[in-house]
Amino acid sequence: MLSLTDDQPFSLDRTLTCGQVFRWHQVPDGGWRGIVGDRLIRIRQDGSRLTFSGAGKKFIKHYFSLDSDLPAIVASFDRDPFIHRSAEACHGLRLIRQPPWECLVSYICSTNSNIPMIRKRIEHIARAFGKPVEEKGITYFGFPKPPLLAGTCEDILTGCKMGYRGKYVKKTACDVGDTDDWAARIRSLPYEPARRELMKFSGVGPKAADCILLFAFQKYEAFPVDVWIRRIMRERYLPALVSNTPLSSNEYNAIRRFARDHFGEYCGYAQEYLYAAREEDP
DNA sequence: TCCCAGGAGGTAT
DNA sequence: ATACCTCATGGG
């Protein structure tokens, strides 16, 4: 059990529904069940009271970034009325610290897809390759480590509704090897060179790289630009941009650099509030 | 039927 | 560097 304090807001629901993670499900009593690596975690929030099983306090605090000073972060990017409203609408949303490998695969799975489809793909991969985790006679599946996805037997991944992304996951699984050295290297680098390194992996372009840097490596300068964020930025901040063309690399860079200047060093946090509030504002 | 979704790789200029 | 083309899949 963890007791939250008023000066450090946290909304479990907003944190888990904003689209940053894909393996959490709400259960009928209002709590949540999720799989992180090979752990099955259950957690629920009743006001300032957070109860959970499957992981210790230390893990939960770290995973949900409960040790971050959220009001200070929000204050740092609260620089105009629109982001202010988004921040109020998603009060308590925190960026999660995801395990790098499953985050990397998740965002390779994400390209040119919608969130329900991404969730299905990841579930397929876990079911096909992951370690079984039993609870009350029900079997869940952990997320498979790289060697399990690097096997040579043909494109078994395409059976996971991966489409053309199957070969990207397989190639990346081969390239990272069987240690976490790749993640340590990325972590040790500043944002821009870390981004260039990540983009060397097959299936990782600018958008996926920025998501992975933000969600797995806490590089908060990353500002992922998808079609939603592009729309919001054009409507609210950069009206000179013309759309209805594919998002070019130049335009992507223009948007993320504007965001870095306008929102500051936590622009990635601002991005998640904009994304999470995308349906709410006319 | 067409269009869209948390895009990226490949190829020809 | 930049412009086009293609890549599966499911839902509206």
Side-chain angles (χ1 to χ4, degrees), chain A residues 14-24 86 90 93 95-96 98 100 102-125 127-128 154-175 195-217 219-236 241-257 259 267-281:
Chain A
R14 291 190 177 113
T15 296
L16 291 176
T17 56
C18 72
Q20 56 180 326
V21 283
F22 303 104
R23 301 206 69 197
W24 286 89
S86 301
C90 301
L93 188 165
L95 290 185
I96 283 173
Q98 299 185 33
E102 54 186 281
C103 186
L104 172 55
V105 175
S106 297
Y107 283 91
I108 292 175
C109 292
S110 77
T111 66
N112 208 18
S113 302
N114 49 38
I115 289 176
M117 198 59 218
I118 300 166
R119 296 173 67 97
K120 275 181 200 165
R121 288 191 184 117
I122 295 169
E123 203 49 43
H124 273 115
I125 291 175
R127 197 165 286 276
E154 281 326 293
D155 280 337
I156 186 164
L157 282 170
T158 57
C160 298
K161 306 298 181 188
M162 293 290 290
Y164 58 87
R165 305 162 192 81
K167 56 181 179 293
Y168 300 155
V169 169
K170 182 172 173 178
K171 187 178 290 183
T172 296
C174 293
D175 289 347
R195 188 175 192 264
R196 288 193 289 274
E197 281 300 303
L198 267 180
M199 287 174 61
K200 291 178 181 171
F201 289 121
S202 181
V204 180
K207 160 65 171 57
D210 280 331
C211 285
I212 298 159
L213 290 168
L214 190 55
F215 301 140
F217 294 102
K219 307 239 181 247
Y220 298 118
E221 317 96 293
F223 191 86
V225 181
D226 59 29
V227 294
W228 294 99
I229 290 296
R230 182 197 193 194
R231 196 170 299 154
I232 292 166
M233 294 303 287
R234 201 179 62 245
E235 288 171 359
R236 302 289 176 172
L241 294 179
V242 283
S243 185
N244 68 40
T245 65
L247 177 61
S248 70
S249 140
N250 276 340
E251 185 182 346
Y252 191 111
N253 285 330
I255 294 173
R256 74 183 172 103
R257 287 180 179 135
C267 60
Y269 238 104
Q271 188 270 6
E272 203 55 20
Y273 277 86
L274 292 174
Y275 185 79
R278 67 191 179 282
E279 317 276 21
E280 302 190 17
D281 207 88

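Numbers restart at 1 for each chain; the letters A, B, ... are given by sequence-line order, proteins then strands.
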- Task: For A/Glu251, enumerate each residue passing the salt bridge (Lys or Arg N to Asp or Glu O under 4.0 Å) test, keeping only those at least two apart in sequence or located in another chain.
- Result: A/Arg230
- Message: Using the ring-ring contact (aromatic ring centres under 6.0 Å, His included) criterion, which residues pair with A/Tyr168? Sequence neighbours excluded.
- Response: none
Which atom pairs, one a donor and one an acceptor, fall under 3.5 Å between side chains of residues 196-203 of chain A and the rest of the protein, sequence neighbours left out?
from	atom 1	to	atom 2	distance (Å)
A/Glu197	OE2	A/Lys200	NZ	2.7

- Item | Partner residues of A/Ala173 under the side chain to side chain contact (heavy atoms under 4.5 Å, CB included) criterion, sequence neighbours left out | A/Trp101, A/Leu149, A/Ala150
- List for me each residue that meets salt bridge (Lys or Arg N to Asp or Glu O under 4.0 Å) alongside A/Arg165, sequence neighbours excluded, and say none if there are none. none
Sort me out a list of protein N/O and nucleotides 10-13 of chain B N/O pairs below 3.5 Å, or just none if empty.
none

- Message: Taking side chain to side chain contact (heavy atoms under 4.5 Å, CB included) as the definition, give me every residue that meets it alongside A/Arg127, ordered by chain and number, with sequence neighbours left out.
- Response: A/Glu123, A/Phe141
- Using ring-ring contact (aromatic ring centres under 6.0 Å, His included) as the criterion, list what pairs up with A/Phe22, not counting sequence neighbours. A/Tyr107
- Tell me the salt bridge (Lys or Arg N to Asp or Glu O under 4.0 Å) pairs involving residues 202-216 of chain A, sequence neighbours left out? A/Arg195-A/Asp210
Table of protein N/O atoms under 3.5 Å from nucleotides 2-4 of chain B N/O atoms:
none

- Which two nucleotides bound the region of DNA chain C that has atoms under 4.0 Å from heavy atoms of chain A, read 5' to 3'? C/dT2 to C/dG11
- Item | For A/Tyr269, ring-ring contact (aromatic ring centres under 6.0 Å, His included) partners two or more places apart | A/Tyr220
